[in-house]
Visitor: 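Dumping the structure here so I can ask a few things about it.
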Amino acid sequence: MRRVRDGGKFNGTEQDRLALLRRLAGQGFAYVDIEEDLQAPELEEVIRRGGARIVRSLHDFSRVPPGLSARFASLARGPSEIPKAAVTPTTCAQLAELLEVFHAPGNQERVLLGMGDIGFPTRVLAPHLGSSWCYASPTAQAVAPGQVTPISLEDVYRFRSIGRSTAIFGVMGNPVMHSRSPLIHNRGFSALGIDAVYLPFLVPDLDGFWKVADALQIRGLSVTVPHKQAVLGPMVRADAHARLVGACNTLMREGAGSSWSGTNTDGEGFLAPLLAVFGGAIPPGLGVTVIGAGGAARAVVAALGSLGARVLVLNRTIENARSLAAAFGAHAGGLDAAGFGSEKDFSDLVVQTTSAGMSPLEDVDPAPGLAFSGSEIVYELVYSPRKTRFLQRSEKAGCRIVYGRQMLIAQAMRQFQLFVNASYPASLLAELEAEID
Ligand code: NAP
């Protein structure tokens, strides 16, 4: 019976609402949640007489309000009340401010949460951060922004096994909420009985995110679009391979400080399914066309170059194709008639590495002018949806296809090994491949 301005759906008068609350409050509820600014001594008396506890709540659907710590500290009117704040971080810097409130001394019992996708980790981490409970919606139509379903809380995030000492891992990116990496890593932790959880972190502001990572003492991170190159700054000591590729997809906290070591598992993840297709070794002189020239393409071209393949890079922005090709001794062209003409000499394998085909570009084929003969092996890096337009077209032409999810799982297995120094349980792979869609 929340007021509309607090995100609720009660559309009667305030008088009606209070009258209803008074009637219901004494009927055996354990908790009754009333708003911070509500002055209703009669109602409070009914709640107390009925044996219920008062949850005194404040909501902000547009930001983390300034001075939240002080406001939260004075929210409860007496030791039996439970203070609750549900606010909306719109940047990681704001999420870091919210996390500071968790560290402030105060009531043992309290509820603090960040709404929206940026605040999502605070919901799953309620038991770790010391929130008395977390809100979930039984359907995908969440009651508040960012709410998770109870099934996903338990199946994907193992909510009930999270505690104060649970180690935190995650994937940072933008967009990132679609990522299937939490499913892969959390299943692995569960199978091996490791006290850890892996979460998606939506990161619009990298500077703010480093503060979040320190506040949560995140141990290890997968890095995805668009931060793979940007993380190669002063915070990260990248290994030679990540420097060669010019992009980092894996970070591990170094000791207790705020610095990170970085590497890139995309190349290994890319090669694993390909080596399986070729029976363990890439044929000498393999001609490969790589579509795209972003972070993933760099890892792919470096991996192919290390095995002696001949590579042509075709990209929408031809300058980006040229600079990638120049770094690895490959050829370059645009996604145009001239580029597709050169492709004929590099057509044993075609690798699609652009983000076209992935949400929100599901309907986009990055190279509609590229005609398949049917003899190419076509390898798509986009893993959601499973079968992009590009893959559908190549399969129809008779090409053998390799799915992005195969690479996703292979590179995640390598990350898992780096994160927890244990092999990913092979017994989970078949089930995972079926589940990742
Ligand atoms: P990125 O660095 O942002 O690069 C994006 C690339 O896509 C650029 O070459 C860009 O061309 C091109 N592009 C974007 N929109 C396009 C369009 N409408 N038409 C044609 N080209 C377009 O991204 P990234 O890190 O390389 O990641 C790319 C994709 O690979 C993502 O979908 C990611 O999920 C996927 N990926 C999958 C795995 C896996 O394990 N399966 C691993 C890594 C990445 P311009 O240069 O012209 O902008």
Side-chain angles (χ1 to χ4, degrees), residues 171-181 183-185 200 203 222-232 242 245-250 263-274 289-303 312-325 327 330 332-336 339-340 350-370 378-391 401-416 424 432-433 436-437:
V171 52
M172 53 173 287
N174 185 8
V176 76
M177 300 313 283
H178 67 283
S179 171
R180 307 308 277 154
S181 296
L183 183 73
I184 301 174
H185 288 276
V203 178
S222 310
V223 185
T224 186
V225 183
H227 299 304
K228 283 184 185 178
Q229 281 106 334
V231 294
L232 290 173
V245 172
C248 210
N249 80 333
T250 311
T263 188
N264 198 318
T265 65
D266 278 342
E268 280 178 71
F270 167 74
L271 286 178
L274 201 59
T289 297
V290 174
I291 299 174
R298 281 191 84 88
V300 165
V301 173
L312 168 69
V313 181
L314 299 181
N315 194 46
R316 181 178 63 177
T317 311
I318 196 164
E319 293 74 32
N320 295 347
R322 286 195 184 118
S323 71
L324 171 54
L335 289 173
D336 50 26
F340 298 142
V350 177
V351 188
Q352 195 308 98
T353 75
T354 78
S355 39
M358 179 179 88
S359 170
L361 303 175
E362 292 101 328
D363 295 332
V364 181
D365 179 334
L370 177 76
V378 176
Y379 193 149
E380 168 68 90
L381 260 59
V382 170
Y383 60 86
S384 179
R386 177 170 184 254
K387 216 180 256 183
T388 57
R389 288 268 156 120
F390 188 76
L391 267 195
I401 59 178
V402 182
Y403 293 106
R405 70 177 57 183
Q406 294 170 258
M407 170 174 170
L408 175 77
I409 292 173
Q411 62 80 26
M413 286 171 72
R414 179 74 190 120
Q415 286 185 329
F416 189 88
Y424 195 83
L432 270 179
E433 283 220 18
I436 296 173
D437 249 332

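Counting from 1, the numbers follow the sequence of the chain as shown. In each ligand, atom 1 is the first atom listed, and ligand 1 is the first ligand listed.
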Visitor: Can you give me the closest heavy-atom contact between T354 and G292, atom names plus distance?
Guide: CG2-CA, 3.6 Å
Visitor: Hey, mind stepping through V378 and L391 against side chain to side chain contact (heavy atoms under 4.5 Å, CB included) and telling me if it holds?
Guide: CA-CA 7 Å; V378 176; L391 267 195; 4.0 Å; yes
Visitor: Looking at the rings of Y379 and F270, which for Trp means the six-membered one, are their centres under 6.0 Å apart?
Guide: yes
Visitor: For Q415 and T265, work out which heavy atoms get closest and say how close.
Guide: CG-OG1, 3.6 Å
Visitor: Can you list every pair where an N/O of ligand 1 is under 3.5 Å from an N/O on the protein?
Guide:
| from | atom 1 | to | atom 2 | distance (Å) |
| --- | --- | --- | --- | --- |
| ligand 1 | 2 (O) | G295 | N | 2.9 |
| ligand 1 | 7 (O) | S355 | N | 3.4 |
| ligand 1 | 9 (O) | A293 | N | 2.9 |
| ligand 1 | 9 (O) | G294 | N | 3.4 |
| ligand 1 | 9 (O) | N315 | OD1 | 2.9 |
| ligand 1 | 11 (O) | N315 | OD1 | 3.3 |
| ligand 1 | 26 (O) | G295 | N | 3.1 |
| ligand 1 | 26 (O) | A296 | N | 2.8 |
| ligand 1 | 40 (O) | L408 | N | 3.2 |
| ligand 1 | 41 (N) | L381 | O | 2.8 |
| ligand 1 | 41 (N) | G404 | O | 3.0 |
| ligand 1 | 46 (O) | N315 | ND2 | 2.8 |
| ligand 1 | 46 (O) | N320 | ND2 | 2.8 |
| ligand 1 | 47 (O) | R316 | NE | 3.0 |
| ligand 1 | 47 (O) | T317 | N | 3.1 |
| ligand 1 | 47 (O) | T317 | OG1 | 2.5 |
| ligand 1 | 48 (O) | R316 | NH2 | 2.9 |

Visitor: Under 4.0 Å between a Lys/Arg side-chain N and an Asp/Glu carboxylate O for R298 and D266?
Guide: no
Visitor: Quickly, which of V313, L381, V301 forms a side chain to side chain contact (heavy atoms under 4.5 Å, CB included) with T353? Name it, please.
Guide: L381
